[in-house]
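Reading through the structure tokens given below for one structure.
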Amino acid sequence: MEKPIYLKDSEDAKLFSELRTRVNKRVESIPGNRDLYIQFKAIILPLVYFGLYALALLNAERPWVYILSFVLMGISLVLIYLNLIHEAAHNNIFKSKKLNSAVLQIFDFVGANSYIWKKRHISSHHAYPNVDGWDTDIEQSGLLLIVPWIKAKGIQKYQHRFFFLVYPLYLFNWMFIRDFRDFFDNERVILKTQGSIPVKEKVKMIACKLFYFFYQIAVPVLFFKVSIGLALGAWFLQVIAASIFALFVLLPLHPLPDNAFPKLDEKNGLPFSWLRHQLEVTNDLSNNNWFIRNVLGNFNFHVAHHLFPNYSYMYYNEITEEIEAFSKQHGLAYKRFPITTALGKHVDLLKQNANNAYYILEE
């Protein structure tokens with residue numbers, strides 16, 4: 001199938017060229033190499049994750065320490081994703097692609113799959129954000145409806161009443177269903193951008209999944225006398241904690257009623273130029289403090305990431321200042337909300353979609 005085509009607009013191309021020049025100049029004026037900080041995290045954060053695992057095993061006779069350690073592993077897993085995996089996929093941690101690839105492999109040892117996630121993120125989400133049928137991040141599950149111009153059916157009409165029960169299962173779906181379907185289901189969105197998947201990657205995915213469950217559950221039971229109930233319960237709470245934390249970070253940035261979900265025309269064309277598309281489908285968060293910048297990987301500056309993914313998050317503060325000023329100057333659709341407001345807007349989107357508000361407005 002032919003891939004979506006962005007609207008060609010020479011004026012928008014000139015605008016982005018001007019913005020890129022301003023951003024490059026601003027970043028070049030920043031002294032020192034801030035990426036050294038992320039390189040330091042590439043050593044520390046994996047040590048924290050597996051250090052917590054060791055702490056759990058060494059305290060197998062103390063259930064509360066064991067459980068707390070696994071819950072904290074879930075939190076640190078999300079920090080690894082925000083600070084390392086995401087940046088490694090864009091080759092933003094080290095100058096060497098091999099070193100970035102090595103960091104990306106961490107994902108294979110924490111229950112996910114680095115190969116298919118990078119394909120999802122770069123070839124699907126970044127290429128066509130919020131485009132139904134092409135952006136894997138909004139791929140419909142059947143339970144929840146994210147795209148507003150698709151009519152809600154069955155249980156989706158009640159999604160705003162039960163979504164809080166589904167979202168904590170996010171990573172369970174990723175580990176047990178999503179990865180496998182993306183590798184083996186020919187109907188999945190990823191195959192439109194990825195094509196055939198090498199057999200060695202399929203073998204690697206299955207092997208790493210088995211190893212993950214071996215060290216997470218079997219090792220404590222077989223070698224540290226942890227009961228099966230405690231081992232499964234602690235692991236379950238780890239994944240629940242990680243799921244909630246991950247969605248707390250991911251949901252406020254794209255799937256909001258204020259952001260567009262562009263429709264393809266009969267020729268697979270998109271209604272916006274590439275520049276305007278990124279601004280129409282993405283928003284920033286107004287929250288900006290030391291914790292978000294240094295611990296949560298500047299996820300609040302998401303527009304900067306979509307427009308300039310070649311820069312690490314360590315430069316997004318200054319880049320966002322340039323984007324916001326440039327957008328005001330040229331009347332571009334830059335959006336920013338407090339995180340609580342953005343999360344509330346996501347719930348509004350679920351409610352509107354459940355009630356088929358799009359179709360009511362159309363009629």
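All residue numbers refer to positions in the sequence shown, counting from 1.
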For the residue pair [X] and [Y], confirm or rule out a side-chain donor-acceptor distance under 3.5 Å.
X	Y	answer
Asn24	Tyr311	yes
Lys41	Asn83	yes
His302	Asp284	no
Tyr212	Asp108	no
Asn310	Asn92	no

Under 30°, 30 to 60°, or over 60°: which ring-plane class applies to [X] and [Y], parallel, tilted or perpendicular?
X	Y	value
His121	His305	parallel
Phe107	Trp174	perpendicular
Phe163	Tyr167	perpendicular
Phe213	Phe176	parallel

Are any of the side-chain nitrogens in [X] or [Y] under 4.0 Å away from the carboxylate oxygens of its partner?
X	Y	value
Glu139	Arg188	yes
Lys95	Asp35	no
Arg120	Asp182	yes
Glu324	Arg336	yes

Could you state whether [X] and [Y] fall into the same hydrophobic cluster, counting links through intermediate Ile, Leu, Val, Met, Phe, Trp or Tyr residues with side-chain heavy atoms under 4.5 angstrom apart?
X	Y	value
Phe16	Phe301	yes
Leu145	Leu256	no
Val221	Leu237	yes
Phe109	Val203	no
Phe40	Phe94	yes

With [X], which residues qualify under salt bridge (Lys or Arg N to Asp or Glu O under 4.0 Å), at least two apart?
X	answer
Arg20	none
Glu18	none
Asp185	Arg181
Asp12	Arg276

Remaining members of hydrophobic cluster (4.5 Å side-chain criterion), Leu191: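 Besides Leu191, the hydrophobic cluster comprises Tyr115, Ile116, Phe180, Phe183, Phe184, Ile190, Ile197, Met205, Ile206, Leu210, listed by chain and residue number.
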
task: Give me the other members of the hydrophobic cluster that Leu47 sits in, counting Ile, Leu, Val, Met, Phe, Trp and Tyr linked by side-chain heavy atoms under 4.5 Å, directly or via other members.
output: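 Besides Leu47, the hydrophobic cluster comprises Ile43, listed by chain and residue number.
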
Sub-6.0 Å ring centroid separation between [X] and [Y]:
X	Y	answer
His306	His254	yes
Trp274	Tyr128	no
Tyr6	His277	yes
Tyr315	Phe308	no
Trp235	Phe214	no

Could you measure the distance from the [atom1] atom of [X] to the [atom2] atom of [Y]? Nearest 0.5 Å is fine.
X	Y	atom1	atom2	answer
Phe245	Ile75	CZ	CD1	5.5 Å
Asn353	Gln159	CG	CD	6.0 Å
Leu72	Leu79	CG	CG	10.5 Å
Leu350	Arg161	CG	CZ	13.0 Å
Tyr81	Phe299	OH	CZ	12.0 Å
Ile85	Ser114	CD1	OG	7.5 Å

I'd like to know if the side chain of [X] reaches the main chain of [Y], judged simply by a donor and an acceptor atom lying under 3.5 Å from each other, with no hydrogens or angles considered.
X	Y	answer
Asn355	Lys351	yes
Asn59	Arg62	no
Ser243	Pro168	yes
Asn287	Ile339	yes
Ser327	Ile323	yes

Looking only at heavy atoms, what is the nearest atom pair of [X] and [Y], with distance?
X	Y	value
Ala242	Gly74	CB-O, 3.4 Å
Gly133	Val189	O-CG1, 3.4 Å
Val281	Pro262	CG1-CD, 3.8 Å
Ile38	Leu84	O-CD2, 3.9 Å
Ile155	Gly142	CG2-O, 4.1 Å
Asn268	Trp134	ND2-CZ2, 4.2 Å

message = Does Val303 form a side chain to side chain contact (heavy atoms under 4.5 Å, CB included) with Leu279? I'd like the steps, not just the answer.
response = CA-CA 7 Å; Val303 173; Leu279 291 166; 3.6 Å; yes

| message | Applying side chain to side chain contact (heavy atoms under 4.5 Å, CB included) to Gln278 and Phe272, what does each step give before you reach the verdict? | response | CA-CA 9 Å; Gln278 308 308 316; Phe272 304 115; over 6 Å; no

Count the heavy atoms belonging to other residues, nucleotides or ligands that lie under 6.0 Å from CD1 of Ile122, then report whether that count exceeds 12.
yes

Mark yes when over 12 heavy atoms from residues, nucleotides or ligands other than Tyr215 sit less than 6.0 Å from its OH; otherwise mark no. yes

Residue pair Asn288, Arg293: steps toward the side chain to side chain donor-acceptor pair (under 3.5 Å) verdict:
CA-CA 7 Å; Asn288 183 17; Arg293 289 195 302 272; 3.0 Å; yes

Q: Decide yes or no on salt bridge (charged side-chain N to carboxylate O under 4.0 Å, His left out) for Glu318 and Arg34, but give the supporting numbers first.
A: CA-CA 12 Å; Glu318 289 84 357; Arg34 293 183 180 179; 2.8 Å; yes

*Are Lys345 and Phe337 in a cation-pi setup, meaning NZ or CZ lies under 6.0 angstrom from the ring centre and within 45 degrees of the ring axis?*
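Flagged: Lys345 positioned over aromatic ring of Phe337.
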
Between Asn259 and Lys335, is a side chain to side chain contact (heavy atoms under 4.5 Å, CB included) present by the stated rule, with each step listed? CA-CA 9 Å; Asn259 292 333; Lys335 302 178 291 294; 2.6 Å; yes

*Derivation of the side chain to side chain contact (heavy atoms under 4.5 Å, CB included) call for His346 and Ile146*: CA-CA 9 Å; His346 176 73; Ile146 300 298; 4.2 Å; yes

